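Quick notes on the structure that follows.
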Amino acid sequence: MILNNRRIRKCKLVKFMTSCLLLSVVMICWEHLDSVVVSHVKSYSFRYLVNSFSYINRSLTIPREQARSFSDFPYLLDHPDKCTGEDVLLLVFVKSFPENTERRNAIRSTWGNETYIQNTLGVTVKVVFALGSLRTKRQNSSGRFQKLLVKEDRLHGDLIQKNFLDSFHNLTLKLLLQFHWMHSRCAHARFFMTADDDVFVHMPNLVAYLQELSSRGVTDFWVGRVHVGAPPIRKKDSKYYVSYEMYQWSSYPDYTAGAGYVISSDVANKIYHATLTLNASIYIDDVFMGICANAVNVSPQTHNYFSGEGKAPYHPCIYEQMMTSHGHVEDIHELWRAATHPEVKQSSSGLFGRLYCAAVRTFLLCTPRFADTYPCKAAFLK
Ligand SMILES: *[C@@H]1O[C@H](CO)[C@@H](O)[C@H](O)[C@H]1NC(C)=O
Ligand SMILES: *[C@@H]1O[C@H](CO)[C@@H](O)[C@H](O)[C@H]1NC(C)=O
Ligand SMILES: *[C@@H]1O[C@H](CO)[C@@H](O)[C@H](O)[C@H]1NC(C)=O
Ligand SMILES: *[C@@H]1O[C@H](CO)[C@@H](O)[C@H](O)[C@H]1NC(C)=O
Ligand SMILES: *[C@@H]1O[C@H](CO)[C@@H](O)[C@H](O)[C@H]1NC(C)=O
């Protein structure tokens with residue numbers, strides 16, 4: 001036993017030393033190369049060597065009273081009874097800026113139409129929009145624009161708004177708003193989804209997928225486009241710049257792209273509890289989600305048909321499988337019509353249809369393109 005342990009330790013040491021050596025060689029040779037490459041190499045090596053992020057958890061843990069300051073903003077708009085007494089399969093939180101009324105209307109009349117989903121898919125899905133308060137001083141909580149929001153909310157009953165400034169750098173506060181709202185208002189929903197307001201969700205495909213998971217009683221579930229070992233960006237002019245004071249390590253815990261991901265209700269509950277003791281000042285919300293999940297031992301899994309930054313190619317053979325696609329604003333109505341058309345299922349049915357679609361998907365996904373859309377392997381696997 002002792003000998004064995006010693007051998008393992010020795011082995012680990014050798015692994016560590018070679019990795020260090022390799023790393024230093026790489027670092028020295030690549031000094032003049034693109035810093036992006038270096039930071040990724042650093043990040044992957046870091047992840048491979050350390051492969052445990054418990055020290056992040058430890059160093060970001062703060063007293064509860066202090067953690068509360070990130071979430072105790074008062075509600076400006078709320079719907080405490082949105083889920084009451086209903087068997088909710090999925091609660092979708094769409095992150096939206098107050099002024100994006102048109103995007104919200106587009107979602108309400110396409111993939112986020114609760115009535116349509118209930119009537120055609122036979123399940124209850126709730127879609128709400130998470131908002132902060134308005135971004136200019138003139139448009140305060142009693143201003144004209146807020147009145148328009150109140151009016152919009154009276155019409156649709158789906159805005160959840162808290163009194164913090166809605167900005168890119170406050171997205172983590174919005175994440176906390178979501179988890180706290182879920183916990184107190186809709187904890188019995190079986191799945192939760194977070195999505196951007198320019199994401200297209202293929203609701204029939206997603207519902208079928210979640211129903212199957214639900215029937216198997218899946219837990220510990222977190223799915224989306226996973227970023228593995230992503231490095232913090234240290235370039236000051238980047239939108240995603242993170243200082244060493246904010247995050248000192250060279251790699252983030254794995255997380256899913258914020259454009260759209262789904263978790264099961266047990267995970268939502270665990271994340272909620274993690275937010276009660278973590279310092280939420282890191283403002284990249286999907287990274288913070290990764291930090292919370294890491295603190296409660298939940299890891300994300302990839303689904304090939306959840307998109308990252310890119311738009312999915314327009315084709316029935318893609319629609320047949322797609323879950324989410326990012327960057328749709330003007331085309332959302334057209335895409336919804338096309339993607340839910342009965343013809344989509346026909347084009348891929350039978351042996352010929354399957355072969356045809358495999359060929360089309362290979363062509364669309366495996367030829368080099370610069371958009372971050374579905375990976376090549378999605379052409380062959382689900
Ligand atoms: C939602 O769908 C229902 C039923 O299909 C339809 O009557 C209603 O007009 C739709 N709502 C919007 C906002 O498009
Ligand atoms: C909000 O703005 C209006 C003018 O647009 C101003 O009269 C009012 O005092 C402001 N209220 C607050 C709470 O700042
Ligand atoms: C975040 O919201 C708070 C509360 O409204 C505000 O004081 C702060 O300036 C906002 N931060 C950013 C970066 O917008
Ligand atoms: C949270 O982290 C920030 C740095 O990102 C730090 O300035 C702040 O003091 C921390 N908050 C607490 C309560 O420790
Ligand atoms: C993270 O920290 C909390 C509180 O300090 C602790 O309960 C939890 O077990 C930690 N998680 C991991 C994965 O170390």
Side-chain angles (χ1 to χ4, degrees), residues 55-76 92 94-95 97-99 101-141 143 146 152-159 161-177 201 203-204 207 232-234 239-249 252 274-285 287-288 291-292 295 332-337 340-341:
Y55 46 86
I56 295 176
N57 181 25
R58 229 173 297 130
S59 100
L60 293 186
T61 296
I62 54 173
R64 277 169 187 265
E65 310 78 65
Q66 283 171 18
R68 202 174 297 137
S69 70
F70 294 104
S71 62
D72 67 356
F73 299 93
Y75 282 106
L76 297 176
V92 186
V94 181
K95 297 177 272 182
F97 285 130
E99 53 270 51
T101 312
E102 263 178 47
R103 291 189 183 189
R104 290 193 290 276
N105 280 337
I107 290 173
R108 286 177 183 124
S109 58
T110 57
W111 64 262
N113 183 337
E114 294 174 358
T115 318
Y116 171 88
I117 297 166
Q118 186 80 60
N119 292 351
T120 59
L121 306 174
V123 294
T124 304
V125 171
K126 297 287 176 186
V127 180
V128 296
F129 297 91
L131 311 174
S133 56
L134 288 144
R135 285 190 268 182
T136 64
K137 271 211 182 99
R138 273 185 307 112
Q139 302 170 324
N140 60 29
S141 58
Q146 181 66 24
E152 178 186 336
D153 185 53
R154 232 178 262 140
L155 201 58
H156 301 286
D158 57 5
L159 302 185
Q161 185 188 32
K162 271 195 171 187
N163 194 11
F164 58 81
L165 191 71
D166 203 328
S167 66
F168 175 76
H169 287 107
N170 264 346
L171 277 177
T172 299
L173 299 185
K174 201 173 268 190
L175 186 81
L176 295 192
L177 154 64
V201 179
M203 200 48 91
V207 162
I233 292 173
R234 306 298 190 189
K239 185 178 171 190
Y240 299 102
Y241 166 73
V242 166
S243 67
Y244 284 97
E245 292 73 50
M246 194 166 276
Y247 191 88
Q248 54 187 287
W249 303 279
Y252 291 133
T275 66
L276 300 179
T277 58
L278 286 173
N279 184 339
S281 59
I282 183 157
Y283 47 66
I284 304 178
D285 57 331
V287 167
F288 186 68
I291 292 171
C292 291
I332 193 166
H333 288 95
E334 182 50 37
L335 180 57
W336 173 245
R337 258 191 303 276
T340 56
H341 199 280

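Counting starts at 1 for both ligands and their atoms, in listed order. Remember, predicted model here, so these are calculated numbers, not experimental data. Count residues from 1 along the sequence.
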If we number the atoms of ligand 3 from 1 as shown, the ones under 4.0 Å from a heavy atom of Phe164 are 2 (O), 4 (C), 5 (O)
Of the non-hydrogen atoms in Met246 and Ser281, which two are nearest, and what is the gap between them?
-> CE-O, 3.6 Å
Any atoms of ligand 4 less than 4.0 Å from a non-hydrogen atom of Ser281? List them with their elements.
->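 Answer for ligand 4: 1 (C), 2 (O), 3 (C), 4 (C), 5 (O).
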Quick note on ligand 4: atoms under 4.0 Å from a heavy atom of Met246 include exactly 5 (O)
Nearest-0.5 Å distance that lies between atom [atom1] in [X] and atom [atom2] in [Y]:
X: Leu175; Y: Asp285; atom1: CG; atom2: CG; result: 6.0 Å
X: Ile62; Y: Asn279; atom1: CD1; atom2: CG; result: 4.5 Å
X: Phe70; Y: Leu278; atom1: CZ; atom2: CG; result: 10.0 Å
X: His333; Y: Thr110; atom1: NE2; atom2: OG1; result: 6.0 Å
X: Gln161; Y: Leu131; atom1: CD; atom2: CG; result: 5.5 Å

Looking only at protein heavy atoms, which one is nearest to [atom], and how far off is it?
atom: atom 10 (C) of ligand 4; answer: Asn279 ND2, 2.4 Å
atom: atom 11 (N) of ligand 1; answer: Asn113 ND2, 2.9 Å
atom: atom 14 (O) of ligand 1; answer: Ser109 CB, 3.2 Å
atom: atom 2 (O) of ligand 3; answer: Asn170 ND2, 2.3 Å
atom: atom 13 (C) of ligand 3; answer: His169 CB, 3.4 Å

Heteroatom distance test ([X], ligand 3): nitrogen or oxygen, under 3.5 angstrom:
X: Leu165; answer: yes
X: Asn163; answer: no
X: Ser167; answer: yes

What atoms of ligand 1 come within less than 4.0 Å of a heavy atom belonging to Tyr116?
->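 It comes down to these atoms of ligand 1: 2 (O).
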Kindly confirm or rule out a cation-pi arrangement of Lys239 over Phe168, judged by NZ or CZ under 6.0 Å from the six-membered ring centre and within 45° of its axis?
-> yes
Could you label the plane-to-plane angle of the Tyr283 and His169 rings as parallel, tilted or perpendicular, counting under 30° as parallel and over 60° as perpendicular?
->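 Judged by the thresholds at 30° and 60°, the geometry between Tyr283 and His169 is perpendicular.
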Counting only non-hydrogen atoms of the protein, does one fall under 4.0 Å from atom 7 (O) of ligand 3?
-> no
Across all chains, not counting sequence neighbours, the ring-ring contact (aromatic ring centres under 6.0 Å, His included) partners of Phe164 are Phe73
